[in-house]
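To start, the structure under review is shown below, and the notes come after it.
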Amino acid sequence: MKLEDSTLGSKYTLHFPFWLSPNQQMPAQTYPVQKKLKCLTLTFGVPILNPEYKENFYVITVQGFDSKESAEEYFNHLWAGLVWMLLNRGIGFNITKDIQNSDGDVIDVNLPAVYPSDKQPITIGALLGDFIFKIDFEQFYSPLLEGATVSKNSMFISDLSPELKLALELYNSCCYEQLLPKPKFLMLIIILETLANAYKKENSDKIRQLVNEWNQQIKQRIKELEANQEDYKQNKNHEKLEELKAVKSIEGRLKHLKDNSLLDRIKNLVIETLKVNEFESQKYKKTLNKLYGIRSTLVHEGKIKDGKSFLEDLQEAEHIVQAVLKAKFCSIVEIHN
C-alpha cells in the first residue's frame with residue numbers, strides 16, 4: 001500500500017464509521033482529536049446526531065492515500081485496530097464492512113466510504129461536527145493505533161481461520177451486548193470450544209465417534225422402554241423399569257465422556273497456543289477442569305453451585321479467552337503482544 005506525506009496534500013480520504021459498546025460511558029471530550037500514524041492523518045470525530053442515532057456512534061477520517069485502492073485496503077487495518085482494542089480493553093464494536101461507492105459529493109454517514117480529499121461531501125443521516133467521546137480517549141486510541149500498524153498488508157484477514165473469525169465475533173458480541181454473567185460465561189466457554197475444533201486429536205475423535213454411536217443406541221432403547229412404561233408399572237415388570245433407570249444413567253455418563261473429550265482439546269488449545277511451561281500447564285489444566293465443570297452444571301442443571309465465587313470464575317474464563325485470542329491474532333497480523 002503506497003502512501004504519500006499528508007503534509008504535501010493527499011488525494012483520497014477514508015471515511016470509517018463504527019459503533020462502540022453502549023455502556024462505555026465516561027467523561028466526554030468536546031474537541032476534535034487528530035493523530036499522526038506514519039504518513040497518515042487520523043481525525044476522530046462524532047456526527048451531530050439525529051434523535052434516532054445512539055451516542056456511541058463515531059467516525060474516523062483518514063487522509064494520506066495516493067489511490068482509492070490503498071484507502072480501501074486500509075479499512076482492514078482499522079478493523080484490526082478495533083479488534084486489538086477489543087482484546088486489550090474489552091470494548092466491543094460494530095462496523096459495516098461494505099464500502100459505499102461515492103464520488104465524494106454525497107456519502108451515507110453510516111457506511112464506510114473513500115472519496116477525493118479535495119471534496120467536502122454532503123453527509124446523509126448526520127453532520128460531522130465536534131468530537132464528543134464518551135470513553136477515556138487515551139485508553140481507546142492507543143490499542144487502536146497499535147493494532148492498525150500491523151506489519152502485513154491488508155490481505156492478512158484471509159489468513160484468519162474460520163474458527164478464529166467466529167471466536168472473535170463471539171467475544172465481540174460478549175463485550176458489545178454487555179451480557180449478564182451466566183450467559184457470558186457460557187459464551188466464553190463456547191469460544192474455547194470453537195477454537196478447539198482445530199485441535200482434534202486422534203484418540204479424542206475416536207472417543208467422540210464411539211460416544212455418538214452409543215448415545216444413539218441408548219436413546220433408541222430409552223424411547224422403546226418409555227413407550228411401554230405404563231404397561232411395565234401395571235404388570236409390575238420391575239426388570240424393565242430397572243433397565244429404563246439404568247439406560248438413563250448410562251446416557252448421563254455418555255454426556256460426561258463427550259464433555260471430557262472436548263475438554264481435552266480445549267486444554268491442548270490453551271497450552272499449545274500460550275506456549276506455557278510444565279508448571280503453568282498444570283495450573284491451566286486445573287483451572288480448565290474447574291471452569292468446564294461449572295459449564296456442565298449450568299448446561300445440564302441450569303444453575304451454579306457457588307454464586308459467591310462465580311464472578312471470579314467468570315474473570316478467569318475471560319482472562320484465558322483473551323490470552324488465547326490475542327496470541328492467535330498476533331500470530332496472524334504480527335502485532336507484538
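Heavy-atom neighbours of N277 CG from other residues, nucleotides or ligands within 6.0 Å: above the threshold of 12. Within 6.0 Å of NZ on K165 lie more than 12 heavy atoms contributed by other residues, nucleotides or ligands.
The closest side-chain heavy-atom distance from I191 to V324 is not below 4.5 Å. In this structure the side chain of I222 never reaches within 4.5 angstrom of the side chain of K219, judged on heavy atoms. Within the 4.5 Å cutoff, the side chain of I294 has heavy atoms near those of the F310 side chain. The side-chain heavy atoms of I304 and F185, taken from C-beta on, include no pair separated by under 4.5 Å. Side-chain atoms of P17 and V109, non-hydrogen and from C-beta on, never get closer than 4.5 Å to each other. Between L166 and L170 there is a side-chain heavy-atom pair separated by less than 4.5 Å. You'll find the side chain of F16 stays beyond 4.5 Å of the side chain of V62, heavy atoms only. A heavy-atom distance below 4.5 Å is found between the side chains of L291 and I320.
The two residues I91 and M85 have their closest heavy-atom pair at O-CE, 3.7 Å. The two residues C175 and G90 have their closest heavy-atom pair at CB-O, 3.5 Å. The two residues F65 and S70 make their nearest non-hydrogen contact at CB-OG, 3.6 Å. The two residues L179 and K184 have their closest heavy-atom pair at CB-CB, 3.9 Å. Summarising the geometry of K97 relative to F75, their closest heavy-atom pair is CA-CZ, 3.7 Å, with the distance given to 0.1 Å. Of all heavy-atom pairs between A113 and I107, the closest is CB-CG2, 4.0 Å.
Distance check, rounded to the nearest 0.5 Å: CG of L82 to CG of L87 gives 11.0 Å. Between the CG atom of L192 and the CZ atom of R295 there is a distance of 11.5 Å, given to the nearest 0.5 Å. How far CG of L195 is from CG of L325: 6.0 Å, rounded to the nearest 0.5 Å. Atom-to-atom distance recorded for N94:CG and F18:CZ is 11.5 Å, nearest 0.5 angstrom. One finds the NZ atom of K11 at 11.0 Å from the CG atom of D118 (value rounded to the nearest 0.5 Å). From W19, atom CH2 reaches atom CG of N110 across 4.5 Å, with rounding to the nearest 0.5 Å.
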field: Steps toward side chain to side chain contact (heavy atoms under 4.5 Å, CB included) verdict (N88, K326)
entry: CA-CA 8 Å; N88 283 276; K326 286 172 70 174; 3.1 Å; yes

message: Would L314 and L188 count as a side chain to side chain contact (heavy atoms under 4.5 Å, CB included) here? Give the steps.
response: CA-CA 9 Å; L314 177 61; L188 292 171; 3.7 Å; yes

task: Would you check, one step at a time, whether the test salt bridge (Lys or Arg N to Asp or Glu O under 4.0 Å) holds for R221 with E224?
output: CA-CA 5 Å; R221 186 55 181 159; E224 293 171 357; 3.0 Å; yes

message: Evaluate E278 against Q282 for side chain to side chain contact (heavy atoms under 4.5 Å, CB included), listing each step before the verdict.
response: CA-CA 6 Å; E278 183 60 28; Q282 294 303 317; 2.8 Å; yes

field: side chain to side chain contact (heavy atoms under 4.5 Å, CB included) between Y292 and E193, intermediate numbers included
entry: CA-CA 10 Å; Y292 214 72; E193 292 174 344; 2.6 Å; yes

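A distance-only check finds a donor-acceptor pair linking the side chain of S21 to the backbone of G92 [under 3.5 Å]. Looking only at distances, no side-chain donor or acceptor of N172 sits under 3.5 Å from a matching main-chain atom of V83. Looking at S309, its side chain never comes within 3.5 Å of a backbone N or O of E312 through a donor-acceptor pair.
Between W84 and F329, the ring planes are parallel. Angles under 30° get that label, and only those over 60° would be called perpendicular.
In this structure, K328 does not pair ionically with E163, as no charged nitrogen and carboxylate oxygen lie closer than 4.0 Å.
Note: the hydrophobic cluster containing L111 does not contain V106 (ILVMFWY, side chain heavy atoms under 4.5 Å, direct or indirect links).
The closest side-chain donor-acceptor pair between Q220 and Q216, if any, does not fall under 3.5 angstrom. The closest side-chain donor-acceptor pair between Q100 and Y115, if any, does not fall under 3.5 angstrom.
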